[in-house]
Amino acid sequence: SDANTYTILGSCKGQSFSTSSYDTPTNITISPTSGNVDFKPLGQGVTGGSLSTITLTNSAIGKSIDITITLSGDITVGSMY
């Protein structure tokens with residue numbers, strides 16, 4: 001994957017399948033550019049995730065924002081910097 005693309009994968013009984021791929025506008029980059037967050041069924045948190053913080057950067061305005069995903073599955077969007 002690259003800094004302007006992310007993919008959502010589904011999983012059922014151990015079989016993964018691609019459901020959707022998205023391209024961000026060229027001025028928006030995603031960092032890190034590889035890794036995963038695996039959400040368990042609702043209310044059971046995450047497992048096997050190699051990402052805990054994802055940073056989105058907008059080069060047009062020179063600003064970034066961090067998105068944090070906790071082991072319980074909570075997603076927190078930080079302040080722009």
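Everything quoted here is computed from the prediction, not taken from an experiment.
One hydrophobic cluster, built from ILVMFWY side chains closer than 4.5 Å, cannot hold both I28 and I54; they sit in different ones.
Residues passing the side-chain contact (heavy atoms from CB on, under 4.5 Å) test with D23 are T5, sequence neighbours excluded. For T24, the side-chain hydrogen bond (donor to acceptor under 3.5 Å, both in side chains) partners at least two apart in sequence or on another chain are N4.
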Quiz: residues 72-81 side-chain donor-acceptor pairs under 3.5 angstrom, not counting sequence neighbours:
from : atom 1 : to  : atom 2 : distance (Å)
S72  : OG     : T70 : OG1    : 2.9
S72  : OG     : D74 : OD2    : 3.0
Y81  : OH     : D66 : OD1    : 3.0

Which donor-acceptor pairs under 3.5 Å do the side chains of residues 56-64 make with protein atoms, sequence neighbours left out?
from : atom 1 : to  : atom 2 : distance (Å)
T57  : OG1    : S64 : OG     : 2.9
N58  : OD1    : N27 : ND2    : 2.8
N58  : OD1    : A60 : N      : 2.9
N58  : OD1    : I61 : N      : 3.4
S59  : OG     : N27 : O      : 3.3

